[in-house]
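Okay, structure first, notes after.
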Amino acid sequence: MKSMRKTAAQATVVVAALALTLSACASGSNGADGDKSTGEHSTTAKQPAAGFDAKTMGTDYPMPEEGVAYDNAQDRDKLKQGGTLTLATSEVGPNWNAFNTDGNTGYMAQFWTYYQPQLWDYDVSGNPTPNPDFLSKVEVTSTDPLVVTYDINEKATWNDGTPIDWTAFEATWKTQSGKDEAYNPPSTAGYEQIASVTQGTSAKQAVVTFDTPFYPYQYLFINLENPKAIDPATFTDGWINNPHNEWAAGPFVVDSFDDTQATFVPNPNWWGTKPLLDKVQFKVMDDSASINAFQNGEIDATGVATADRLKVAQSMDNTQIRVNTATSTGVVTFNTKADSLKDLAVRKAITQSIDVAKLAEIKYQGLNWTEDPLGSEIMFPFQDGYANNMPADSKYSVENAGKTLEGAGYAKGSDGYYAKDGAKVTVKYTFFGDSPIQAAIANAVQAMGKAAGIDIQLDNQDPSQFSDVVVGGTYEMLIMAWSASDPYGYSTSGCQLYCSDSDSNYAYIGDPKADEGFKKAGQIEDTADAIKQLNEAESQALALYGTFPLFNGPVMMAVKTGLANYGGSAMASTSGFKALNPHVENIGWEK
């Protein structure tokens, strides 16, 4: 049986607890998460809800407040009907099935918010409420066994005209439970605890009965699987270069797409509130191209979470900068199947050789943001119960890195590098794109490795190769980011990231004891107790040195003045690939 899985953005807003994003070092809008900074910041002013005026925000801008959405929230009657929103993206496709591990990427999670069912709304703090466009009522109708009953909006219909009914819940359970090896879901968390999904008083009522209780149940059925899409061959390969509008149901549909762009237009079959925008277009471009495109008016928003990009935006008229906490975590991942990284001592030594604080200094240079190195890939420092789950001896120390290797039988040669049985400790570090920040971090990692006697070879890949490289396992060491779609990581993300048989465990290593601990966390109703269980299991998993967390950080977005209901909104953020609240149909331009 497969266990819970991480997703390559954010659980994404789609089906899993976490979704994979291009890199922790990317300068895009999802700069990473982290609210509580140790730096000194202005307390003399607050950020306006619409963000700072780019030219007047200065360098001493205040930290974002917890529980505040900086997305220029506006009522629809104050916004224009019509207009276009053009954004940058790192990739389009090839796999459009976000229920499939291969399609569980941050950009695909964002695409799904426009054209696929989104069953839950979240406020800025992550509190869920049923999306009335899809669910008229959700309630626990039994506690022993746990039974959750979903009443489906009578108007809810797939684009091919088929009513959305209880069979969509059944289909989602079948493909995401891990009970059928023909499917490769990003996360089976919660779904594997379900005993049955049946019709209730009508086809528009789904009754979900659990074999083992799972909490919080709101994590489940964030999206719905179209029953016509569950043939295993279709599930695995049938969405490649095919978004299947007919199997979708949302405010928009995919109008066109290719390797360079994806365009969404209003869905004529949508029963909910009509979208304000006439078109939303995503253009594929590198980081350097996206800031130039924003400056030239080719796109309407871009991430500016690096000093050079922020400086460009601050030179522009009619521009707002929206700063908030993101919901993603930058991590280092080791491919333990690679010959160079099979030895735990090598992975541990590399971990000890990396000065995370220095990497954060490089990443946030010129920004009014500092933070402590992270101790969890699942919990955010602003969440109650957060703990540092890294091994005590994992801290940065060149001396200890050498001792770790020497204790495992390695000896330093005349070239300054450690070797064993004639084989030098050499590891390939893969990074993507032409971002100066990514290049600077790569060079720093290489220099840190050299100081510790470890040969780090740099491998620069085009961003379009990110999914192929990660899913294909053709890397040895890389930095990427996990983006969370919901606040339930304590019960859902652990197994997705760390469990031995998870398709999203890109370190390819696990501990059976930790596996059981992660699963147990989802069976504990009390949140505090569930988080304690998560911390215990994550401590065991991180002791394997297959991966370790780096930093969160700010989400900083430059937008054209007047763009409303879009920006940094924490758990409800479009910038964090969680465009559930505000609904994408409410994104628009001020009159």
Side-chain angles (χ1 to χ4, degrees), residues 18 21 23-27 30-43 59-67 305-307 323-333 348 350-401 437 440-441 444-445 448 479-484 487 489-490 493-494 497 531-532 534-536 538-539 541-543 545 547-556 568 570-571 576:
L18 295 173
T21 52
S23 169
C25 308
S27 56
N30 59 316
D33 217 277
D35 187 29
K36 294 180 180 177
S37 165
T38 58
E40 296 296 326
H41 300 277
S42 170
T43 58
T59 59
D60 194 29
Y61 45 87
M63 291 289 289
E65 295 181 84
E66 289 189 27
T306 63
V323 183
N324 211 329
T325 57
T327 51
S328 58
T329 301
V331 304
V332 170
T333 298
K348 180 177 179 178
I350 296 174
T351 302
Q352 292 171 317
S353 77
I354 294 178
D355 185 349
V356 176
K358 181 62 177 179
L359 296 188
E361 181 182 321
I362 294 171
K363 179 174 173 62
Y364 304 128
Q365 182 179 6
L367 300 181
N368 202 26
W369 192 277
T370 57
E371 64 178 62
D372 294 327
L374 288 181
S376 175
E377 296 188 7
I378 295 172
M379 297 291 292
F380 298 113
F382 59 81
Q383 290 182 290
D384 291 337
Y386 167 86
N388 188 335
N389 297 322
M390 286 292 291
D393 59 353
S394 66
K395 294 180 181 178
Y396 166 63
S397 171
V398 173
E399 180 182 0
N400 287 345
I437 295 295
I441 287 181
V445 169
M448 292 171 188
I479 292 178
M480 59 188 183
W482 291 107
S483 180
Y490 59 87
S493 300
L497 285 172
I531 292 173
K532 289 180 181 178
L534 174 279
N535 288 331
E536 179 182 338
E538 188 176 32
S539 295
L542 289 173
Y545 288 96
T547 179
F548 66 92
L550 291 172
F551 29 58
N552 295 143
V555 53
M556 301 182 70
M571 291 311 302

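Distance check: K348 NZ to Y545 OH gives 4.5 Å after rounding to the nearest 0.5 Å. Atom CD in E536 sits 11.5 Å away from atom NZ in K532 (nearest 0.5 Å). With values rounded to the nearest 0.5 angstrom, Y396 atom OH is found 13.5 Å from T351 atom OG1. Going from atom OH of Y490 over to atom CG of N535 covers 12.5 Å, rounded to the nearest 0.5 Å. For the atom pair OG of S394 and CD1 of I354, the computed distance is 11.0 Å after rounding to the nearest 0.5 Å.
Contact of the Y364 side chain with the E371 side chain is registered, since non-hydrogen atoms from C-beta on lie closer than 4.5 Å. Counting heavy atoms from C-beta outward, K363 and L550 have side chains that stay 4.5 Å or more apart.
The backbone N or O of E377 lies less than 3.5 Å from a partner atom in the side chain of E538, making a donor-acceptor pair. Although no hydrogens or angles enter the test, the distance criterion places no donor-acceptor pair under 3.5 Å between the side chain of S376 and the main chain of N388. Q352 places no side-chain N or O within donor-acceptor distance of the main-chain N or O of S397, the cut-off being under 3.5 Å. With hydrogens and angles ignored, the 3.5 Å screen pairs no side-chain donor or acceptor of N400 with any backbone N or O of K395.
Of all the heavy atoms in T306 and I437, the pair that sits closest is CG2-CG1, 3.4 Å. Contact detail for I378 and G489: the closest heavy-atom pair is CG2-O, 3.3 Å. Across L367 and A305, no two heavy atoms sit closer than the pair CD1-O, 3.1 Å. The shortest non-hydrogen separation linking F548 to L542 is CA-CD2, 4.3 Å. Heavy-atom minimum distance, P549 versus V331: CA-CG1, 4.1 Å. D384 approaches M379 most closely through the heavy-atom pair O-CE, 3.6 Å.
Residues satisfying the side chain to side chain contact (heavy atoms under 4.5 Å, CB included) test with A357, not counting sequence neighbours, are D355.
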Derivation and outcome, side-chain contact (heavy atoms from CB on, under 4.5 Å), residues L359 and M448:
CA-CA 10 Å; L359 296 188; M448 292 171 188; 3.8 Å; yes
